[in-house]
Chemist: 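So that we are looking at the same thing, I have put the structure below in structure tokens.
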Amino acid sequence: MPELPEVELVAKSLNKLVSGRKIVSSELKRERLSPNETIKSFSKKLKGSTINYVHRRGKHVLFDLNSDQTLLTHLRMTGRFLLLPTERELPKHSHAIFYFEDETRLIFQDQRHFGLMKIIETKSLLETKELKDLAPEPFSDEFNPKYLKEVLAKSKRPLKEFLLDQTKVCGLGNIYVSESLFISKINPKIFANDVPSRKIEPLFQAIRGVLAESISHGSTLNVDPENIDGSYYGGDYENHWRVYGQENEPCINCKTKIKRIVQAGRSTFYCPKCQK
DNA sequence: ACTAAAGCCTGGCTGC
DNA sequence: TGCAGCCAGGCTTTAG
């Protein structure tokens, strides 16, 4: 499930692989992937554009085009990009295809149809709905303990739910929230405005730390044309989860059984002893 | 202005 | 072996 570290790797890999390439044509196979466009307008707007570079904001992958447009994409749960020669058969659930001059094509595949694409004028990129309220990037100076303290104080929601809110802290998903709370030894059920001052700095460090650690464990996105069925993100970070998915396993610190609870319809994993 | 819950989806898994 | 039902979760929309 792509959270910030996975999206970071996807954007970096795509930047290496498709920067400078010209989109000679494109095909939107599932119209709802891009709700503001029709199959025709999607193709028309992108035709002839060259990809300047690919970058990331929050969990969005952004293709900066030389036509003063940006293609904003969100992988949601199962979205992924594949770079394949045109003669290769299209994989199931291919919802958008971008054809390049050199007989390769970039495919957006999304088994669960949650993904999103939007074509935006680059000059108004930051005002677009998906980006305008996003919290500061976790690795920016703007995101710091003081900021965290201020936004926490304004919310009465359980901390777990608060941390999933991309307008408060961006880039975390269900996995890294559980991991961050375990590392900083905070109970996921505590209300955001009840987080004690002495816990703010540890929480801040845990968020940055877990994201950085995951990025460093990842390898490149698998877009090897010969290996379409191989692993997607590469890396092995899932083997390093401390609590996520570890229900009834012993806590790595104190051997207490890890507990799974449901908050806002999603699993939260935590150690009831370490995270009082 | 706020929060809770439903909805979007497919495929893998469980239990009968 | 088949099939119903549940589960995974990022984010938006709707209802309260």
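Scope of the values below: all heavy atoms of this structure, side chains included, with no hydrogens, waters or symmetry mates.
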Chemist: Is any side-chain nitrogen or oxygen of A/Lys92 closer than 4.0 Å to OP1 or OP2 of B/dG11?
Modeler: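 For B/dG11, OP1 or OP2 has a side-chain N or O of A/Lys92 closer than 4.0 Å.
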Chemist: Are side-chain N/O atoms of A/Thr78 and A/Arg112 paired as donor and acceptor at under 3.5 Å?
Modeler: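 No.
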Chemist: Side chain of A/Ser267: nearest nucleotide among C/dA8, B/dT10, C/dG10?
Modeler: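 It is C/dA8.
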Chemist: Tell me the interatomic distance from A/Arg266, atom CZ, to B/dG7, atom C1', rounded to whole angstroms.
Modeler: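 To the nearest whole Å, that distance equals 11 Å.
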Chemist: Measure distances between side-chain N and O atoms of A/Arg112 and base N and O atoms of C/dA8, and say whether any donor-acceptor pair falls under 3.5 Å.
Modeler: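 Yes.
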Chemist: Please give, in whole Å, the distance from B/dC2 P to A/Glu161 CD?
Modeler: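 Answer to the nearest Å: 16 Å.
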Chemist: Take atom CG of A/Leu134 and atom P of C/dG10, then tell me their distance rounded to the nearest Å.
Modeler: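 Atom-to-atom, A/Leu134 to C/dG10, this comes out as 15 Å.
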Chemist: Give A/Lys154 one of three labels, base, sugar-phosphate or nothing, depending on what nucleic acid heavy atoms sit under 4.0 Å from its own.
Modeler: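 Since no nucleic acid heavy atom lies under 4.0 Å of A/Lys154, the category is nothing.
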Chemist: For the residue pair A/Asp68 / A/Thr122, report whether a side-chain donor-acceptor contact shorter than 3.5 Å exists.
Modeler: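 No - no donor-acceptor pair under 3.5 Å links their side chains.
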Chemist: Taking only N and O in the side chain of A/Arg260, is any of them less than 4.0 Å away from OP1 or OP2 of C/dA8?
Modeler: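 Looking at the OP1 and OP2 atoms of C/dA8, one of them is under 4.0 Å from a side-chain N or O of A/Arg260.
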Chemist: For C/dC11, is there a stacking contact with A/Phe114, counting only centres under 5.5 Å and planes under 30°?
Modeler: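 The base of C/dC11 is not stacked with A/Phe114 (the test needs centres under 5.5 Å and planes under 30°).
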Chemist: Is there a side-chain contact between A/Gln166 and the phosphate of C/dC11, meaning an N or O under 4.0 Å from OP1 or OP2?
Modeler: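 Affirmative; the distance criterion is met.
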Chemist: Tell me the interatomic distance from A/Asp110, atom CG, to B/dG11, atom P, rounded to whole angstroms.
Modeler: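 One finds 11 Å between P of B/dG11 and CG of A/Asp110, rounded.
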Chemist: Nearest to the side chain of A/Arg32 - B/dG11, C/dG10, B/dC8?
Modeler: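 Closest nucleotide to the A/Arg32 side chain: B/dC8.
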Chemist: Does a nitrogen or oxygen in the side chain of A/Lys129 sit under 4.0 Å from OP1 or OP2 of C/dT12?
Modeler: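 No, no such contact exists.
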Chemist: Round to a whole Å and report the spacing from CG of A/Leu116 to P of B/dC9.
Modeler: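 Answer to the nearest Å: 13 Å.
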Chemist: Nearest whole angstrom, please: distance from the C1' of C/dG10 to the CD of A/Glu130.
Modeler: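 After rounding, the gap between these two atoms is 13 Å.
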Chemist: Heavy atoms, side chains only, cut-off 4.5 Å: are A/Val177 and A/Leu159 in contact?
Modeler: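 No, their side chains stay 4.5 Å or more apart.
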Chemist: Starting at CZ of A/Arg80 and ending at C1' of B/dT10, how long is that distance when rounded to a whole Å?
Modeler: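 These atoms are roughly 14 Å apart.
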Chemist: Heavy atoms from C-beta onward define the side chain here; which of B/dT10, B/dC8, C/dG10 lies closest to that of A/Asn174?
Modeler: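 Of all the options, the side chain of A/Asn174 is nearest to C/dG10.
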Chemist: Report the C-alpha separation of A/Ser140 and A/Glu142 in whole Å, then their side-chain angles, then the decisive distance to 0.1 Å, and conclude whether the side chain to side chain donor-acceptor pair (under 3.5 Å) test is met.
Modeler: CA-CA 5 Å; A/Ser140 70; A/Glu142 239 186 299; 4.8 Å; no
Chemist: Any donor-acceptor pair under 3.5 Å linking the side-chain atoms of A/Ser155 with those of A/Lys168?
Modeler: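 Note: A/Lys168 and A/Ser155 side chains miss the donor-acceptor criterion.
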Chemist: When you measure from the side-chain N and O atoms of A/His74 to the phosphate of C/dG10, is any distance below 4.0 Å, counting only OP1 and OP2?
Modeler: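 A/His74 to C/dG10 OP1/OP2: no side-chain N or O under 4.0 Å.
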Chemist: For A/His60 and C/dG10, what is the distance between atoms NE2 and C1' respectively, to the nearest whole Å?
Modeler: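 Going from NE2 in A/His60 over to C1' in C/dG10 covers 10 Å.
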Chemist: Within the structure, does a side-chain N or O atom of A/His93 lie under 4.0 Å from either OP1 or OP2 of B/dG11?
Modeler: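 Answer is yes, contact under 4.0 Å.
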